[in-house]
Protein chains: 2
Amino acid sequence: MADELFRALADPTRRRILDELAERGGQSLFEICTRLVTKHGLGLSRQAVSQHLAVLEAADLVRTRREGRYKFHDLHAQPLEHIVTRWLRPSPPEDTP
Amino acid sequence: MADELFRALADPTRRRILDELAERGGQSLFEICTRLVTKHGLGLSRQAVSQHLAVLEAADLVRTRREGRYKFHDLHAQPLEHIVTRWLRPSPPEDTP
DNA sequence: TTGATAGGCAAGCCGCGACTTGCCTATGGT
DNA sequence: ACCATAGGCAAGTCGCGGCTTGCCTATCAA
């Protein structure tokens with residue numbers, strides 16, 4: 001669980017996606033894709049973004065809802081609390097690699 | 001800067017090292033090495049740990065001080081605050097189903 | 001129904017990161 | 001002086017992760 005969280009955060013593109021969803025929730029795959037290209041100047045394919053979103057969803061950092069042929073993505077920052085409670089406030093370690 | 005921070009946190013062994021230094025600061029390379037092997041049951045060489053510490057030091061998550069032929073390592077959790085201020089602060093906490 | 005749109009699946013390429021191996025420097029005890 | 005200890009450096013192996021390519025399914029509008 002913590003493994004997937006930190007793995008998801010390891011990639012700079014995925015962090016950009018989190019930034020995007022933080023400032024504007026409920027975006028579809030194509031919205032995120034075009035915004036990353038235009039606003040952030042990143043050149044990546046739709047599938048690349050799709051795979052990034054899958055990793056973020058596996059880490060529970062992004063929640064999705066389907067409506068018709070659209071799939072909307074929302075940021076879910078709560079798992080980040082674990083990082084704070086692990087080292088910023090001393091607490092027993094909990095990792096299972 | 002943020003790049004090195006998240007890259008450092010991506011590896012489970014490095015997280016273990018942070019846990020170790022959190023519960024007992026000022027350890028040398030060999031101390032960390034033996035503790036990881038005995039307490040956590042990890043099998044890694046001295047050089048592996050040394051390289052991990054270098055990554056953690058580059059991310060400013062570990063501060064070191066030399067004394068004679070010893071090099072002591074201490075946890076420096078302050079960079080983790082950036083994670084909180086990046087996604088946790090801007091958006092208030094959500095529901096937890 | 002047809003075509004366009006939104007998204008998914010799977011195989012493959014490729015570079016980076018984790019780890020090892022071998023050798024080197026330096027400090028300190030005796 | 002000698003040798004053990006503490007650590008560093010560099011090259012090499014190897015698997016995994018990011019990305020592409022190609023094709024497939026599903027939904028909606030005309």
Side-chain angles (χ1 to χ4, degrees), chain A residues 2-18 20-21 24-38 40-59 61-74 95-97, chain B residues 2-21 24-38 40-59 61-74:
Chain A
D3 229 27
E4 293 175 329
L5 170 63
F6 288 104
R7 192 178 95 73
L9 292 173
D11 189 86
T13 303
R14 282 196 285 268
R15 295 196 294 268
R16 284 287 181 208
I17 294 178
L18 292 183
E20 250 306 306
L21 291 179
R24 176 172 184 157
Q27 296 192 54
S28 72
L29 171 60
F30 274 80
E31 282 180 281
I32 299 173
C33 203
T34 55
R35 278 172 168 264
L36 286 178
V37 173
T38 62
H40 302 272
L42 304 181
L44 18 72
S45 67
R46 176 184 59 87
Q47 289 80 356
V49 180
S50 177
Q51 289 169 9
H52 280 310
L53 286 171
V55 175
L56 289 171
E57 202 175 345
L61 283 169
V62 162
R63 298 250 172 118
T64 63
R65 53 195 154 91
R66 270 216 106 107
E67 288 182 17
R69 56 176 164 173
Y70 298 97
K71 187 178 180 183
F72 299 112
H73 303 76
D74 286 279
D95 199 13
T96 315
Chain B
D3 228 27
E4 292 174 329
L5 170 63
F6 288 103
R7 192 178 95 72
L9 292 173
D11 189 87
T13 303
R14 282 195 286 269
R15 272 173 265 146
R16 287 285 189 198
I17 294 178
L18 292 182
D19 291 334
E20 250 307 306
L21 291 178
R24 177 171 182 159
Q27 296 191 53
S28 73
L29 170 60
F30 274 80
E31 282 180 282
I32 298 172
C33 203
T34 53
R35 278 173 168 265
L36 285 178
V37 172
T38 60
H40 302 273
L42 304 180
L44 16 74
S45 66
R46 176 184 60 88
Q47 289 80 357
V49 180
S50 177
Q51 289 168 9
H52 280 309
L53 287 171
V55 175
L56 290 170
E57 202 174 346
L61 283 170
V62 162
R63 297 261 174 103
T64 63
R65 53 194 155 90
R66 268 217 109 105
E67 287 180 18
R69 57 175 164 174
Y70 298 96
K71 188 179 182 184
F72 299 111
H73 303 75
D74 287 279

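Just so we're on the same page: letters track the sequence lines, and every chain starts at 1. The analysis underlying the following values was restricted to heavy atoms, covering all of them including side chains, and did not include hydrogens, waters or symmetry mates.
Around CZ of A:Arg35, the count of heavy atoms belonging to other residues, nucleotides or ligands within 6.0 Å exceeds 12.
A heavy atom closer than 4.0 Å to some atom of DNA chain D occurs in A:Arg7, A:Asp11, A:Arg14, these being the qualifying members of residues 5-15 of chain A.
Not a single salt bridge (Lys or Arg N to Asp or Glu O under 4.0 Å) links A:Glu4 to another residue, sequence neighbours left out. The salt bridge (Lys or Arg N to Asp or Glu O under 4.0 Å) check on B:Arg46 picks up nothing, with sequence neighbours excluded. The side chain to side chain contact (heavy atoms under 4.5 Å, CB included) search around A:Val62 returns A:Leu18, A:Leu21, A:Leu56, A:Thr64, A:His73, not counting sequence neighbours. B:Gln51 is linked by a side chain to side chain contact (heavy atoms under 4.5 Å, CB included) to nothing, counting only residues two or more places apart in sequence or in another chain. Looking at residues two or more places apart in sequence or on another chain, you find a side chain to side chain contact (heavy atoms under 4.5 Å, CB included) between B:Asp3 and A:Pro12, A:Arg15. Annotation: salt bridge (Lys or Arg N to Asp or Glu O under 4.0 Å) contacts of A:Arg66 (sequence neighbours excluded): none. In this structure B:Arg7 satisfies the salt bridge (Lys or Arg N to Asp or Glu O under 4.0 Å) test with no other residue, sequence neighbours excluded.
Here the side chain of A:Phe30 is nearest to one of D:dG7, C:dA6, D:dT20, namely C:dA6. Minimum atom distance to the side chain of B:Ser50 is reached by D:dG8, of the listed D:dG8, D:dG7, C:dG7. Listed nucleotides: D:dG7, D:dT20, C:dT20. Nearest to the side chain of A:Gln47: D:dT20.
Residue A:Ser45 places at least one side-chain N or O under 4.0 Å from the OP1 or OP2 atom of D:dT20. Neither OP1 nor OP2 of D:dG17 sits under 4.0 Å from any side-chain N or O of A:His52. For the OP1/OP2 pair of D:dG8 and a distance below 4.0 Å, the side-chain nitrogens and oxygens of B:Lys71 include at least one atom meeting the criterion.
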Short heteroatom pairs, N/O only, protein and nucleotides 24-30 of chain D, under 3.5 Å:
residue : atom : partner : partner atom : Å
D:dT27  : O2   : A:Arg69 : NH1          : 3.3

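Protein atom CG of A:Leu44 is 19 Å distant from nucleotide atom P of D:dG17, rounded to whole Å.
Shown here for A:Leu44 and A:Val37, the closest heavy-atom pair between the two residues is O-CG2, 4.4 Å.
No hydrogens or angles were tested; on distance alone, a donor-acceptor pair under 3.5 Å links the side chain of B:Arg46 to the base of D:dG8.
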